[in-house]
Amino acid sequence: MLHVDPILAATSAPPPFTVGTVLTETRLDSWLALGLVLAAGLYLYGVYRLRLRGDRWPIARTLFFIGPGLGGIALVTVSGLHAYDTALLSVHMIQHMVLSMVAPIFLALGAPMTLALRTLPVGPRKRLLAIVHSRVARVYSFPLVAFAIFVVNPFVLYFSDLYRFTLEHAWAHELVHAHFIMTGCVFFWPLLGLDPLPGRWPYPARALLMLLSVPFHTVLGLTIMQSTTLFGGDWYPSLNLAWSDPWDDQVVAGGILWAGGEFVSVTMLAVLVVQWVKQSEREARRVDRELDRQEARERAADAAAT
């Protein structure tokens with residue numbers, strides 16, 4: 001049995017989980033909150049620069065990036081939910097789902113890299129392109145590599161002493177949040193994102209990879225629900241929360257990961273299929289226009305010959 005410092009455990013125990021406490025425990029003093037504000041400001045400034053010179057930027061991209069993208073991250077890290085992420089495994093799993101699956105999808109659909117390439121001066125634009133097309137970017141954005149990172153990371157975190165370490169050290173817990181976001185972006189950006197990335201797979205291969213991610217959440221969620229040991233060792237029992245049972249909460253946590261993961265994966269598979277259909281329609285229109293131009297040139301040539 002791992003020993004827990006009673007003082008540390010006492011300071012980690014929040015009041016009973018209610019809507020009121022979620023609202024009152026909101027904090028705006030974390031580095032992550034500062035990063036969210038900075039990211040939103042830079043994105044909106046880029047949109048403003050485009051409009052100043054008369055260029056258009058789809059409003060849907062801005063809404064995706066600022067709303068469920070950055071807003072989703074804020075919802076689970078800056079709001080009062082953060083007060084329960086080391087007290088309830090179920091809340092941690094909600095954070096896991098939003099940070100690694102929901103928010104990265106909408107960040108990708110916001111196309112921030114494309115926005116940056118259209119607004120940055122020549123020098124910074126060339127440096128950004130060099131990073132995008134670098135060997136490191138090619139490796140990490142390769143779909144199979146991204147898929148492996150996305151699948152393996154949760155098992156390494158939850159089935160080792162690393163998760164207990166993150167409960168005991170706030171900086172490590174914050175680092176895990178950032179890691180979830182980056183892992184999700186690495187996986188979803190090449191599949192669903194609109195930004196120019198090297199080595200992007202065709203839509204059928206992307207759809208297959210998305211489909212393969214569905215069983216992973218089922219396996220991980222069911223494993224957590226059926227586990228005969230508590231995640232985090234005796235951390236959660238040591239909090240002595242009269243309003244929560246660690247065993248019951250762990251079952252809820254596994255259910256959140258199972259159901260939530262399948263829902264997001266299937267929904268995003270549908271989005272990918274829609275993107276595929278639209279891309280096929282654009283390609284068909286392009287071919288039709290080219291055929292029309294070729295036919296017009298042939299008619300003009302025939303008229304000139306006669």
inquiry  = Set out, in order, the CA-CA distance, both residues' side-chain angles and the distance that settles side-chain contact (heavy atoms from CB on, under 4.5 Å) for Val271 and Ile105, then state yes or no.
reply    = CA-CA 10 Å; Val271 171; Ile105 290 169; over 6 Å; no

ask   = Can you check side-chain contact (heavy atoms from CB on, under 4.5 Å) on Ser265 and Val214, steps first, answer last?
value = CA-CA 6 Å; Ser265 295; Val214 177; 3.5 Å; yes

ask   = Are Val151 and Leu220 close enough, and set up right, to give a side-chain contact (heavy atoms from CB on, under 4.5 Å), and what steps lead you there?
value = CA-CA 10 Å; Val151 170; Leu220 183 58; over 6 Å; no

task = Take Val156 and Val152 through the test side-chain contact (heavy atoms from CB on, under 4.5 Å) and record every step on the way to the result.
result = CA-CA 6 Å; Val156 173; Val152 171; 3.6 Å; yes

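Partner Val78 forms a side chain to side chain contact (heavy atoms under 4.5 Å, CB included) with one of Leu36, Val37, Leu32 and no other, that one being Leu36. Shown are Phe231, Tyr158, Tyr236; of these, the ring-ring contact (aromatic ring centres under 6.0 Å, His included) with His92 is made only by Tyr158.
The environment of CZ in Phe263 is sparse: at most 12 heavy-atom neighbours from other residues, nucleotides or ligands sit within 6.0 Å. Atom CZ of Arg53 has more than 12 neighbouring heavy atoms from other residues, nucleotides or ligands inside a 6.0 Å radius. Other residues, nucleotides and ligands contribute more than 12 heavy atoms inside 6.0 Å of the CZ atom of Arg125. No more than 12 heavy atoms of other residues, nucleotides or ligands sit less than 6.0 Å from atom CD1 of Ile59. With a 6.0 Å radius and a threshold of 12 heavy atoms from other residues, nucleotides or ligands, Arg297 has its CZ atom above the threshold.
Listed here is the closest heavy atom pair of Val219 and Phe155: CG1-CZ, 4.4 Å. The two residues Ala87 and Leu241 make their nearest non-hydrogen contact at O-CD1, 3.8 Å. Across Thr119 and Arg49, no two heavy atoms sit closer than the pair O-NH2, 3.9 Å. Residues Ser227 and Trp247 share a closest heavy-atom pair of O-CZ3, 3.9 Å. For the residue pair Leu257 and His217, the shortest heavy atom distance occurs at O-CB, 3.8 Å. For Phe216 against Pro154, the heavy-atom pair with the smallest separation is CZ-CG, 3.7 Å.
When side chains are defined from C-beta on, Asn153 does not count as touching Phe187, because their heavy atoms never get closer than 4.5 Å. Side-chain contact between Leu115 and Leu50: present, with at least one pair of heavy atoms (C-beta onward) separated by less than 4.5 Å. Looking only at side-chain heavy atoms (C-beta outward), Gln275 and Gln279 stay at 4.5 Å or farther from each other. Between Ile224 and Trp258 the shortest side-chain heavy-atom distance does not fall below 4.5 Å. The closest side-chain heavy-atom distance from Phe17 to Leu81 is below 4.5 Å. Looking at Tyr84 and Pro15, their side chains come closer than 4.5 Å, going by heavy atoms from C-beta outward. Residues Met97 and Ile94 are not in side-chain contact: their nearest non-hydrogen atoms beyond the backbone lie 4.5 Å or more apart.
Linking ILVMFWY residues whenever their side-chain heavy atoms come closer than 4.5 Å, directly or via other members, places Leu211 and Met101 in the same cluster. Grouping the Ile, Leu, Val, Met, Phe, Trp and Tyr side chains by contacts below 4.5 angstrom, directly or via other members, places Val136 with Val145. Residue Leu120 is grouped with residue Val132 when hydrophobic side chains (ILVMFWY) are merged at heavy-atom distances under 4.5 angstrom, including chains of intermediate members. Connection of Leu157 to Leu230 is not established within any shared hydrophobic cluster, with ILVMFWY side chains joined at heavy-atom distances below 4.5 Å, either directly or through further cluster members. Linking Ile, Leu, Val, Met, Phe, Trp and Tyr residues whenever their side-chain heavy atoms come within less than 4.5 Å leaves Tyr45 and Leu117 in two separate clusters.
Judged by a 6.0 Å distance limit and a 45° cone about the ring axis, Arg51 is not positioned over the six-membered ring of Tyr48.
For the atom pair OG (Ser90) and CG (Asp85), the distance works out to 11.0 Å, reported to the nearest 0.5 Å. To the nearest 0.5 Å, atoms OG1 (Thr229) and CZ (Phe159) are separated by 8.5 Å. For the atom pair OG1 (Thr62) and CG (Leu44), the distance works out to 7.0 Å, reported to the nearest 0.5 Å. The distance from atom CG of Leu208 to atom OG of Ser213, rounded to the nearest 0.5 Å, is 10.5 Å. Residue Ile73 holds its CD1 atom at 13.0 Å from CZ of Phe180, rounded to the nearest 0.5 Å. From Trp276, atom CH2 reaches atom OH of Tyr203 across 10.5 Å, with rounding to the nearest 0.5 Å.
The existence of a salt bridge linking Glu290 and Arg293 is confirmed by a sub-4.0 Å separation between a basic side-chain nitrogen and an acidic carboxylate oxygen. A salt bridge links Glu295 with Arg299: at least one charged nitrogen is closer than 4.0 Å to a carboxylate oxygen.
The ring pair (Phe, Tyr, Trp, His ring centres under 6.0 Å) test applied to Phe142 returns Trp201, not counting sequence neighbours.
Applying the ring-ring contact (aromatic ring centres under 6.0 Å, His included) test to residues at least two apart or on different chains, none of the pairs has a partner in residues 281-301.
Between the side chain of Ser238 and the main chain of Trp235, a donor-acceptor pair closer than 3.5 Å is present. The backbone N or O of Gly110 lies less than 3.5 Å from a partner atom in the side chain of Tyr43, making a donor-acceptor pair. Counting only distance, with no hydrogens or angles, the side chain of Gln95 and the backbone of His82 share no donor-acceptor pair below 3.5 Å.
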Listing, residues 189-198 side-chain donor-acceptor contacts under 3.5 Å, not counting sequence neighbours, or none:
| residue | atom | partner | partner atom | Å |
| --- | --- | --- | --- | --- |
| Trp189 | NE1 | Asp195 | OD2 | 2.9 |
| Asp195 | OD1 | Met113 | N | 3.3 |
| Asp195 | OD1 | Thr114 | N | 2.7 |
| Asp195 | OD1 | Thr114 | OG1 | 2.7 |
| Asp195 | OD2 | Met113 | N | 3.3 |

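Checked by atom type, the side-chain pair Asp249/Ser244 shows no donor-acceptor distance below 3.5 Å.
Between His177 and His173, the angle of the ring planes goes over 60°, which puts this pair in the perpendicular group of the 30/60° scheme.
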